[in-house]
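The first residue of the sequence shown is numbered 1, and numbering continues consecutively from there.
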Amino acid sequence: MSDDGARLSEGSSEARAAAVSDIQELMRRKEEIEAQIKANYDVLEGQKDVGMDEPLVDCEGYPRADVDLYQVRTARHNIICLQNDHKALMKQVEEALHQLHARDKEKQARDLAEAHREALSRRPGQDESQGPPQAFARVNSVSVGSPASFAGLQVDDEIVEFGSVNAQNFQSLQNVGSVVQHSQGRPLNVTVIRRGERQQLRLVPTRWAGKGLLGCNIVPLQR
């Protein structure tokens, strides 16, 4: 890779890490708002379970004496405001995820172009003795909105390289798990075979809304 390409890759990685950090902060705020909404609903439930719509006057039109009207009105007002905040925040999350996905697609295209240039620049016959790349694992599920999804991994992709793990040194999925744990927040080069074609992907293990750092399931290939 050229010096210009290396600087571009480093800048892209830093920008992606910043975008991921922003999304994590948005998700943290989302969880806080949801907790506050639940707390206010708990207040309503504790007041004769009045909910959001039950009347606060009796059959004669007088304020109900069996509930704390101030608490109920305050909780209802808070819930409405928090739900509006939650809706606006989820729109921000959606936009940030779309931007991150677009950035990853651009990065993937640059990586593929760079890999193609490097392949063309190799000496003829350089890799003839090595034979075709061997896969050691297969992707059998990918969660929507996960780091694996944004990296472009797909079900039935056969993994040839996962960071430093390849068919020669792969012993168990613990090898992959160790690489993931030590690469949190940093990009990993992942090479897969998809429908007979080799694909270069860039995967960043990251905390997200689901479990784990990848959001996909990998199984060893039985040869």
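Considering CD of Gln181 and CG of Leu213, their distance stands at 5.5 Å, rounded to 0.5 Å. The CZ atom of Phe150 sits 10.0 Å away from the OG1 atom of Thr206 when rounded to the nearest 0.5 Å. Between atom CG of residue Asp42 and atom CD of residue Glu45 there is a gap of 6.0 Å, rounded to the nearest 0.5 Å. Here His77 contributes atom NE2 and Leu82 contributes atom CG; the two are 9.0 Å apart, rounded to the nearest 0.5 Å. Atom NZ of Lys38 sits about 11.0 Å away from atom CG of Asn40, to the nearest 0.5 Å. Here the straight-line distance linking atom CD of Gln184 with atom CG of Leu214 works out to 10.0 Å at 0.5 Å rounding.
The shortest heavy-atom contact between Ser149 and Ser143 is CB-O, 3.4 Å. For the residue pair Leu221 and Ala135, the shortest heavy atom distance occurs at CD1-CB, 3.6 Å. Nearest heavy atoms, Ile218 versus Asn140: N-OD1, 4.2 Å. Residues Trp208 and Gly145 share a closest heavy-atom pair of CE3-O, 3.7 Å. Heavy-atom minimum distance, Leu69 versus Pro63: CD1-CB, 3.5 Å. Of all the heavy atoms in Cys216 and Ala148, the pair that sits closest is CB-CB, 3.7 Å.
Considering only heavy atoms from C-beta on, Val72 stays 4.5 Å or farther from Arg64 through its side chain. Counting heavy atoms from C-beta outward, Asn169 and Asn175 have side chains that stay 4.5 Å or more apart. Taking the side chain as every heavy atom from C-beta outward, Arg202 and Leu188 never approach each other to under 4.5 Å. Contact annotation: the side chain of Leu56 approaches that of Arg76 to within less than 4.5 Å [non-hydrogen atoms, C-beta and beyond]. Residues Met27 and Arg207 fail the side-chain proximity criterion, which asks for heavy atoms closer than 4.5 Å.
Residues Val43 and Met52 fall into different hydrophobic clusters, defined by Ile, Leu, Val, Met, Phe, Trp and Tyr side chains chained together at heavy-atom separations under 4.5 Å. Neither Val190 nor Val219 shares a network with the other; the hydrophobic side chains, linked directly or stepwise wherever heavy atoms of I, L, V, M, F, W or Y lie under 4.5 Å apart, form separate groups for each. No continuous path of ILVMFWY side-chain contacts below 4.5 Å connects Ile159 to Val204, so the two sit in separate hydrophobic clusters. Phe170 is connected to Leu203 through a chain of hydrophobic side-chain contacts under 4.5 Å among Ile, Leu, Val, Met, Phe, Trp and Tyr, so both are in one cluster. Linking ILVMFWY residues whenever their side-chain heavy atoms come closer than 4.5 Å, directly or via other members, leaves Val160 and Val139 in distinct clusters.
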message: Evaluate Gln83 against Ile37 for side chain to side chain contact (heavy atoms under 4.5 Å, CB included), listing each step before the verdict.
response: CA-CA 7 Å; Gln83 287 177 336; Ile37 291 174; 4.0 Å; yes
- request: Run the numbers on Arg29 and Glu32 for salt bridge (Lys or Arg N to Asp or Glu O under 4.0 Å), then give the verdict.
  value: CA-CA 5 Å; Arg29 287 167 53 194; Glu32 287 182 352; over 6 Å; no
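Screening Glu161, Gln199, Glu158 against Thr191 for a side-chain hydrogen bond (donor to acceptor under 3.5 Å, both in side chains) leaves a single residue, Glu161.
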Donor-acceptor contacts, no H, no angles, side chain residues 86-101, under 3.5 Å, sequence neighbours left out:
| from | atom 1 | to | atom 2 | distance (Å) |
| --- | --- | --- | --- | --- |
| His86 | NE2 | Glu34 | OE2 | 3.0 |

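Residues satisfying the salt bridge (charged side-chain N to carboxylate O under 4.0 Å, His left out) criterion with Arg194, sequence neighbours excluded, are Asp157.
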